[in-house]
Q: 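After the structure tokens below, expect a handful of questions from me.
Everything numeric in this text was worked out from a predicted model, so none of it was measured. Heavy atoms only: backbone and side chains are in, while hydrogens, waters and symmetry mates are out. Counting starts at 1 for both ligands and their atoms, following the listed order.
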Amino acid sequence: MPETAFLKCIRTGCGATYGLTEPRYACDSCGALLDVAYDWERLIVPGSLQFFAERWATRNEPLDFSGVWRFRELMPFAPTDQMVTIGEGQTLLQQVDVKRLDLPLADGQLHLQYEGMNPSGSFKDNGMTAAFTMARMLGKRRVGCASTGNTSASLALYASLTRTNDGVPMQGIVFIGAGKIAYGKLSQALDYGALTLQIDGDFDACLARIREAADRLGLYLMNSVNPFRLEGQKAIMYRVLEGLGWDPPDWIICPGGNLGNSSAFGKAFMELHQLGLIPRIPRLAIINAAGANTLQSLVNDKGLGWNDGAWDDTLAAEFYLDMAKRNQRANTVATAIEIGRPVNLPKALRALDVMNGIVCDVTDDEILDEKARIGRCGYGCEPASGASLAGLRKLIDNGTIGKDERVVCILTGHQLKDPDVTVGYHMSAAQEKPAESGKAAEIAAQQRCWANAPVRVPDDLNAICTAIEGA
Ligand code: F0G
């Protein structure tokens with residue numbers, strides 16, 4: 001393995017380093033999270049980001065076709081013959097009509113990075129391609145994760161297509177919380193053949209359990225506590241920059257769950273800036289769901305910050321203790337981000353510091369309305385992604401984001417991941433509401449602004465024509 005890549009503790013004052021030959025997710029010496037770090041001085045880094053755009057001309061080469069490995073000089077931890085790819089990251093930065101969304105931004109200033117176009121339908125594939133590469137380098141056959149759904153779908157897909165260097169198929173093992181996963185995502189894990197364990201508990205419990213199981217059984221852990229996952233997810237930002245002709249936007253807005261994505265974005269910009277490849281760093285807004293707003297509470301209410309790498313661990317510990325005492329669990333319609341104990345909290349604090357970032361939270365109703373609005377513009381997404389736009393609206397309304405600023409919202413997952421929520425929303429306007437209980441019926445019970453219910457008509461041409469003409 002190249003010695004120019006190593007693991008490094010993120011805590012200032014510790015900074016312990018480790019080689020890549022053992023799986024490691026935390027610092028042996030102080031317990032903090034690890035970064036993948038590089039000795040950039042000894043590496044060949046392209047002189048300008050334009051270099052990567054030229055890769056498109058050689059897209060018949062699988063690594064150049066990948067929207068992640070196309071940027072491999074910026075994540076140089078693996079030799080090219082070890083890189084796993086299934087063509088992830090063919091996603092687009094799309095400009096949207098702000099008037100259709102009724103957003104008071106200047107024309108042309110809003111872009112959506114639609115990560116639902118990945119092979120498993122979410123941004124997770126960006127990270128999974130990198131984590132599977134590392135699993136292969138470490139000689140791991142069994143790989144596992146806890147998941148609110150998308151990580152498991154992505155892991156299951158990559159496991160079904162990847163073999164070890166000895167030619168043995170990898171085995172995917174996923175832990176999901178009982179009743180906590182959208183069906184679109186569960187169906188993927190099952191179809192791709194992963195061993196799927198439904199644990200009686202929420203995501204936080206599943207993650208704690210898989211970390212123990214990984215220790216005991218030697219599974220390679222694929223959650224975003226795995227620093228290589230985040231290396232791959234940096235590529236989302238490289239593609240955003242590419243879509244804007246390498247001119248950084250003013251704002252990046254993304255939903256926050258386990259905080260892997262926001263952490264990866266922060267690291268991407270920190271490195272690009274250090275390498276002199278971008279003139280300035282955009283600001284970051286991380287959007288929590290109000291029912292799963294640990295980051296929002298810790299940062300805005302308790303004043304937790306990165307503090308030059310000496311963040312205060314006790315604030316989060318007290319917060320979690322208090323949550324446990326009150327038996328409080330994360331609860332939101334956006335199940336993807338229904339997480340109370342985000343594992344990447346310190347790295348997200350660093351991202352907020354590097355990107356002069358902010359955090360806010362939005363209600364489930366705001367998430368649902370925004371998801372429906374963006375759906376009307378042809379960009380279907382799952383509820384968690386709606387949080388990006390709901391956050392944008394709130395930040396414009398409260399004057400944080402100015403009307404002339406250039407904004408990129410990340411749509412993290414595909415519309416078809418959670419059809420129950422979408423159908424429930426639109427059925428709220430139906431003459432006959434769904435009778436059965438469950439998520440769709442609960443959502444349908446309230447009036448929803450953008451509902452578009454199916455119109456029931458008898459099998460009669462006159463009635464059908466009347467329905468069409470009266471619409
Ligand atoms: N959006 C979607 C669609 C997600 O699936 C997730 C996380 C997030 C946003 C939040 O991203 O964790 O990096 O802050 N889903 C994980 C999972 C936790 O298990 O699929 P984050």
Side-chain angles (χ1 to χ4, degrees), residues 91 113-118 120-128 131 144-157 174-177 180-182 184-186 188-189 194 196 199 202-207 210 221-226 229-230 232-234 236-237 252-267 284-289 292-296 330 332-345 347-348 351-352 357 359 362 367 371 380-391 409-418 421:
T91 63
Q113 176 68 14
Y114 186 33
E115 289 298 309
M117 283 167 69
N118 270 294
S120 80
S122 85
F123 73 92
K124 302 287 178 180
D125 298 346
N126 291 282
M128 222 38 95
C145 70
S147 183
T148 57
N150 281 325
T151 306
S152 54
S154 180
L155 180 146
L157 171 55
V174 305
F175 285 23
I176 55 172
K180 292 281 180 185
I181 180 171
K185 306 174 189 182
L186 178 61
Q188 290 179 288
T196 305
I199 312 284
D202 59 10
F203 172 81
D204 297 319
C206 289
L207 184 55
I210 189 123
L221 190 59
M222 294 295 207
N223 280 98
S224 53
V225 67
N226 181 324
R229 270 271 312 275
L230 304 194
Q233 286 170 221
K234 293 191 305 192
I236 301 170
M237 289 300 104
I252 301 285
I253 306 187
C254 69
N258 224 3
L259 303 177
N261 235 5
S262 39
S263 298
F265 298 171
K267 187 167 186 277
L284 173 69
I286 306 178
I287 317 299
N288 272 165
N293 66 352
T294 300
L295 184 71
Q296 194 282 135
T332 165
V333 70
T335 48
I337 51 174
E338 193 177 58
I339 294 174
R341 294 166 178 247
V343 74
N344 285 299
L345 176 66
K347 284 186 175 175
L352 289 170
V359 191
V362 291
I367 288 174
K371 174 182 136 34
C381 64
E382 67 165 285
S385 313
S388 296
L389 280 140
C409 285
I410 313 298
L411 295 187
T412 45
H414 199 282
Q415 182 183 36
L416 298 177
K417 291 281 189 172
D418 197 348
V421 167

Q: Is ligand 1 under 4.0 Å from a heavy atom in the side chain of S147, in the backbone, in both, or in neither?
A: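 The answer is both.
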Q: Set out, in order, the CA-CA distance, both residues' side-chain angles and the distance that settles side chain to side chain contact (heavy atoms under 4.5 Å, CB included) for L186 and T196, then state yes or no.
A: CA-CA 9 Å; L186 178 61; T196 305; 4.2 Å; yes
Q: Any idea which atoms of ligand 1 are less than 4.0 Å away from a heavy-atom of L259?
A: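 Close to L259: 12 (O), 13 (O), 14 (O), 21 (P).
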Q: Please find the pair of heavy atoms, one from S224 and one from V343, that lie closest to each other, and give the distance.
A: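 Of all heavy-atom pairs spanning S224 and V343, the closest is OG-CG1, 4.2 Å.
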Q: Does the N or O separation between N150 and ligand 1 drop below 3.5 Å for any pair?
A: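 Yes, since at least one N or O of N150 sits under 3.5 Å from an N or O of ligand 1.
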Q: So, is T148 polar-close to ligand 1, with some N/O to N/O distance under 3.5 Å?
A: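 Yes, at least one N or O pair falls under 3.5 Å.
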Q: Which atoms from ligand 1 have a heavy atom of N261 less than 4.0 Å away?
A: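 Near N261, the atoms of ligand 1 are 13 (O).
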Q: Would you say S385 touches ligand 1, if touching means a heavy atom closer than 4.0 Å?
A: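 For ligand 1, residue contact (heavy atoms, under 4.0 Å) with S385 is absent.
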Q: Only heavy atoms of N258, strictly under 4.0 Å: list the atoms of ligand 1 that pass.
A: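 Listed by number with element, the hits are 12 (O), 14 (O), 21 (P).
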Q: Looking only at protein heavy atoms, which one is nearest to atom 15 (N) of ligand 1, and what is the separation?
A: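 Result: K124 NZ, 2.9 Å.
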Q: To which protein heavy atom is atom 4 (C) of ligand 1 closest, and what is the distance rounded to 0.1 Å?
A: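 Going atom by atom, the protein heavy atom closest to atom 4 (C) of ligand 1 ends up being A336 CB, 3.4 Å.
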Q: Please could you name the atoms of ligand 1 that I339 approaches to less than 4.0 Å, counting only its heavy atoms?
A: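 Near I339, meaning under 4.0 Å from one of its heavy atoms, ligand 1 has 18 (C).
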Q: Working to the nearest 0.5 Å, report the span between CD1 of I286 and CD of Q296.
A: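 The CD atom of Q296 is 11.5 Å from CD1 of I286, to the nearest 0.5 Å.
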Q: Just to check, does G149 reach to within less than 4.0 Å of ligand 1 when the distance is taken from its heavy atoms?
A: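 Contact check G149 vs ligand 1: positive.
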Q: Can you tell me the protein heavy atom closest to atom 6 (C) of ligand 1 and the distance?
A: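 Result for atom 6 (C) of ligand 1: F123 CE2, 3.7 Å.
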Q: Of the side chain and backbone of I337, name the one, both, or neither that has a heavy atom under 4.0 Å from an atom of ligand 1.
A: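 Under 4.0 Å from ligand 1, I337 contributes side-chain atoms alone.
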Q: Check the side chains of N126 and E115 for a donor-acceptor pair under 3.5 angstrom, ignoring hydrogens and angles.
A: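 Judged by distance alone, the side chains do pair up.
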Q: Got a donor-acceptor contact below 3.5 angstrom from the D202 side chain to the A205 backbone?
A: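 Yes: the side chain of D202 pairs with the backbone of A205.
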Q: Ignoring angles and geometry beyond distance, decide whether S262 reaches within less than 3.5 Å of ligand 1 through its nitrogen or oxygen atoms.
A: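 Between S262 and ligand 1, no N or O pair is found under 3.5 Å apart.
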Q: Is N223 in contact with ligand 1, taking contact as a heavy-atom separation below 4.0 Å?
A: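 Contact absent.
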Q: Between Q233 and K267, do the side chains contain an N or O donor and an N or O acceptor separated by less than 3.5 Å?
A: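 The answer is no; no qualifying pair exists.
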Q: When you measure from atom 20 (O) of ligand 1 to every protein heavy atom, which one gives the shortest distance, and what is it?
A: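 Of every protein heavy atom, T151 N, 2.8 Å lies nearest to atom 20 (O) of ligand 1.
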Q: Output the list of atoms in ligand 1 that are nearer than 4.0 Å to some heavy atom of E382, sorted by atom number.
A: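 Matching atoms, with element in brackets: 3 (C).
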Q: Does any donor atom in the side chain of S263 or N344 lie under 3.5 Å from an acceptor atom in the other side chain?
A: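 Distance-only check fails for S263 and N344.
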Q: Looking at atom 1 (N) of ligand 1, what's its closest protein heavy atom, distance included?
A: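 Result for atom 1 (N) of ligand 1: T412 OG1, 2.7 Å.
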Q: With respect to T412, which candidate in S388, S122, S385 satisfies the side chain to side chain donor-acceptor pair (under 3.5 Å) definition?
A: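 When side chain to side chain donor-acceptor pair (under 3.5 Å) is applied between T412 and each of S388, S122, S385, only S385 qualifies.
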Q: Output the list of atoms in ligand 1 that are nearer than 4.0 Å to some heavy atom of G256, sorted by atom number.
A: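 Under 4.0 Å from G256, ligand 1 has these atoms: 14 (O).
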Q: Under 4.0 Å between a Lys/Arg side-chain N and an Asp/Glu carboxylate O for E382 and K185?
A: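 Yes.
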Q: Just to check, does K417 reach to within less than 4.0 Å of ligand 1 when the distance is taken from its heavy atoms?
A: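 So K417 does not count as touching ligand 1.
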Q: May I have the step-by-step check of side chain to side chain contact (heavy atoms under 4.5 Å, CB included) for F265 and I410, ending in yes or no?
A: CA-CA 11 Å; F265 298 171; I410 313 298; 4.0 Å; yes
